[in-house]
J.: 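First the structure, then my questions, so here it is.
We name chains A, B, ... by the order of the sequence lines, and we start the count at 1 in each one.
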There are 2 protein chains.
Amino acid sequence: MSDMPSCQFESRPRRIVIGAGGAQTDFCTTCSVRPTSVCSVIGPDDISRLSEAAVETIIPPGRGFIEEGAPATDFFNVTSGTVKLFKALPDGRRQITGFASPGHFLGLAVSDNYAFGAEAVDTVRVCRFSRDKMADLLDDFPKLERRLLEEASNELVAAQNQMLLLGRKTARERVASFLLDQMHASQLPGQENGGRLHLPMTRGDIADYLGLTIETVSRTLSWMRSQGMIEVGKGYAITILSVAKLDVLAAGNS
Amino acid sequence: MSDMPSCQFESRPRRIVIGAGGAQTDFCTTCSVRPTSVCSVIGPDDISRLSEAAVETIIPPGRGFIEEGAPATDFFNVTSGTVKLFKALPDGRRQITGFASPGHFLGLAVSDNYAFGAEAVDTVRVCRFSRDKMADLLDDFPKLERRLLEEASNELVAAQNQMLLLGRKTARERVASFLLDQMHASQLPGQENGGRLHLPMTRGDIADYLGLTIETVSRTLSWMRSQGMIEVGKGYAITILSVAKLDVLAAGNS
DNA sequence: CGGATGGTTTGATGTAAATCAATGCATTCC
DNA sequence: GGAATGCATTGATTTACATCAAACCATCCG
């Protein structure tokens with residue numbers, strides 16, 4: 001990943017180069033981006049207000065920071081790393097409902113309690129807002145509200161895709177869909193990376209995301225390797241050798 | 001269901017009694033509710049603008065009115081009846097991602113194409129807006145935007161619950177969760193109905209919603225009946241005899 | 001170094017739900 | 001009335017995936 005920050009308040013995060021030795025004081029703590037001429041939502045005068053409202057937090061891998069059912073006091077914006085969102089049943093069964101990457105907002109819920117838990121997959125940086133101040137923020141920054149609505153709509157589409165996957169796809173189709181999604185998510189616009197992926201999550205996370213077991217995920221990846229679709233490297237590396245074959249699988253020709 | 005209309009622009013639809021013989025001209029075509037003193041979003045002067053923007057449409061049972069992948073020209077608000085939203089795979093497998101009842105908005109997607117299909121379960125009335133005019137509407141009625149964000153957030157929570165159901169629950173747990181959800185949805189505030197439900201959808205719809213087959217849904221309902229949990233009546237009637245037993249099941253003690 | 005630890009892979013077996021196959025039972029329509 | 005149609009139910013059989021079990025293989029750390 002590049003260390004160039006992106007502005008979360010723009011509808012499509014725009015990447016900018018930060019001049020070497022540029023003064024840090026003018027940066028928006030919410031999105032780590034210099035607001036002037038880049039971020040159309042906030043102007044220079046607003047920086048201090050947003051800075052007051054947001055607290056930047058670093059979360060180590062594996063640490064949970066939202067507990068399902070706990071009072072929803074805060075509202076988060078992910079600025080780096082990957083977060084897993086999940087729901088659990090009393091007996092321990094888990095469903096990961098999504099992975100949040102930089103730019104995503106967490107804790108939109110209308111309810112007074114979080115409807116899901118959140119845990120850092122790798123090292124994560126978030127900006128934390130008090131939900132009390134959220135209403136005021138929305139009133140003051142109408143474009144933020146538009147941005148949140150857009151984000152929620154996109155998540156809804158993703159959730160619908162995931163429901164189709166969980167309800168009707170076979171194990172092979174699920175894993176193929178997952179790999180393709182990860183590929184698309186990792187491809188920054190106008191940038192190819194030869195199908196090489198660095199998945200930050202464990203097999204267990206993938207299993208909990210796809211509604212499968214660890215063993216089935218592992219077996220399916222092995223099968224895909226045997227079919228020449230992918231290459232499974234050390235650690236969390238996977239290389240996609242044939243997007244076409246995975247496409248056929250993911251579309252439902254199991 | 002009562003035939004008292006509810007205002008969709010309020011965060012919690014408020015039921016009002018419409019005086020006998022009241023003039024129809026002052027009613028908001030969007031939500032079929034007299035705007036004055038009831039609907040805080042629109043005032044009397046705004047009625048004509050909204051009326052121009054919205055077209056009321058009646059859709060017969062089984063008729064589809066949103067096709068997955070088609071250009072997203074319109075935006076809908078359901079005013080009566082039940083709509084099923086679904087996604088399909090090329091080979092015909094279907095996943096119903098949700099049922100939309102009066103008050104729900106459809107077609108929020110940011111994309112230019114619908115991400116899902118929609119079909120009337122029973123007779124449905126919707127108000128249709130052109131998506132071109134949506135941006136203007138949002139600019140003019142900020143509270144509508146807040147309302148949409150709230151709706152999207154609620155749908156997101158529902159989607160997360162459904163992912164847990166589809167990914168990790170057993171057939172019995174799924175059916176139990178579904179029946180309880182339907183019960184809660186049908187219970188208007190402060191109104192008990194002795195557990196009697198009139199499900200508008202077929203077994204096939206329920207199966208496609210729960211990621212099961214028709215046979216499994218039918219068998220599971222029969223099993224629940226044998227356990228004294230429910231009573232299966234003629235047509236689409238089901239009576240819940242023991243909420244407690246269903247609760248235990250739905251929570252994951254399969 | 002060597003044992004512990006945490007994740008991954010692979011194999012053998014079990015089972016919940018799908019599939020295949022009748023039958024039942026309304027409603028509609030000639 | 002009775003054939004046709006469209007769900008729903010119930011039974012017999014199959015199967016995809018879960019479960020149980022055992023290696024395997026890094027990395028960490030005393």
J.: Run the side-chain contact (heavy atoms from CB on, under 4.5 Å) test against B/Glu67 and tell me which residues pass, sequence neighbours left out.
T.: B/Ala70

J.: Please list, chain by chain and in numerical order, all residues satisfying side-chain contact (heavy atoms from CB on, under 4.5 Å) with A/Leu241, sequence neighbours excluded.
T.: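 Per chain and number, A/Leu241 pairs via side-chain contact (heavy atoms from CB on, under 4.5 Å) with A/Glu231, A/Thr239.
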
J.: NA contact type, B/Thr202, heavy-atom cut-off 4.0 Å: base, sugar-phosphate, or nothing?
T.: sugar-phosphate

J.: Could you tell me how far apart B/Asp91 (CG) and C/dT19 (P) are, to the nearest whole angstrom?
T.: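 Answer to the nearest Å: 10 Å.
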
J.: For B/Gly204, answer base if it contacts any base atom (sugar-phosphate contacts may also be present), sugar-phosphate if it contacts only those atoms, and nothing otherwise; contact means non-hydrogen atoms under 4.0 Å.
T.: sugar-phosphate

J.: Please test A/Phe76 against A/Phe105 for ring-ring contact (aromatic ring centres under 6.0 Å, His included), starting from the C-alpha separation and ending with a verdict.
T.: CA-CA 6 Å; A/Phe76 302 86; A/Phe105 291 91; over 10 Å; no

J.: Restricting to ring-ring contact (aromatic ring centres under 6.0 Å, His included), what partner residues turn up for A/Tyr114, sequence neighbours left out?
T.: none

J.: By the 4.0 Å heavy-atom rule, please label A/Gly62 as base, sugar-phosphate, or nothing.
T.: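 No contact.
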
J.: If we fit an axis to the first five pairs and another to the last five of the helix from C/dC1-D/dG30 to C/dC30-D/dG1, what angle do they make, to the nearest 10°?
T.: 20°

J.: Expressed in angstrom and rounded to an integer, what is the separation of A/Leu212 atom CG from C/dT8 atom P?
T.: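 Checked: the CG to P distance equals 14 Å.
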
J.: Determine the contact category for A/Val217: base if any of its heavy atoms lies under 4.0 Å from a base atom, sugar-phosphate if only primed atoms, P, OP1 or OP2 are that close, otherwise nothing.
T.: nothing

J.: Could you state the CG-P distance from A/Leu221 to C/dG7, rounded to the nearest angstrom?
T.: 17 Å

J.: Nearest whole angstrom, please: distance from the C1' of C/dT8 to the OH of A/Tyr236.
T.: 10 Å

J.: Sort and list the pairs that fulfil side-chain hydrogen bond (donor to acceptor under 3.5 Å, both in side chains) and have at least one residue in residues 83-92 of chain A, not counting sequence neighbours.
T.: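 Qualifying pairs: A/Lys84-A/Asp205, A/Lys87-B/Asn161, A/Asp91-A/Arg93.
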
J.: For A/Phe86, what residues pass the ring-ring contact (aromatic ring centres under 6.0 Å, His included) criterion, not counting sequence neighbours?
T.: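 Partners of A/Phe86 by the ring-ring contact (aromatic ring centres under 6.0 Å, His included) criterion come out as none, since no residue qualifies.
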
J.: Mind checking what makes ring-ring contact (aromatic ring centres under 6.0 Å, His included) contact with A/Phe116, not counting sequence neighbours?
T.: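 ring-ring contact (aromatic ring centres under 6.0 Å, His included) list for A/Phe116, sorted by chain: empty.
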
J.: Minimum heavy-atom separation for B/Val232 and B/Ile230, please, with both atom names.
T.: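 Minimum heavy-atom contact is CG2-CD1, 3.8 Å.
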
J.: Applying salt bridge (Lys or Arg N to Asp or Glu O under 4.0 Å), name anything that partners A/Arg219, two or more places apart in sequence or on another chain.
T.: none

J.: Using atom CH2 of A/Trp223 as one end and atom P of C/dT9 as the other, report the distance to the nearest whole Å.
T.: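 Those two atoms, CH2 and P, are 16 Å apart.
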
J.: Between protein and nucleotides 10-16 of chain C, map the contacts as a letter string: B base, S sugar-phosphate only, - none, heavy atoms under 4.0 Å, written 5' to 3'.
T.: BBB----

J.: Judged by each residue's nearest nucleotide on DNA chain D, which is more toward the 5′ side, B/Arg168 or B/Met201?
T.: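 Nearer the 5' end of the strand: B/Met201.
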
J.: Name the first nucleotide and the last nucleotide along DNA chain D (5' to 3') that come under 4.0 Å of a heavy atom in chain B.
T.: D/dA8 to D/dA12

J.: Separation of B/Leu165 atom CG from C/dA17 atom P, in whole Å?
T.: 12 Å

J.: Run the side-chain hydrogen bond (donor to acceptor under 3.5 Å, both in side chains) test against A/Ser218 and tell me which residues pass, sequence neighbours left out.
T.: none

J.: Who are the side-chain contact (heavy atoms from CB on, under 4.5 Å) partners of A/Ala100, not counting sequence neighbours?
T.: A/Val78, A/Val83, A/His104, A/Leu106

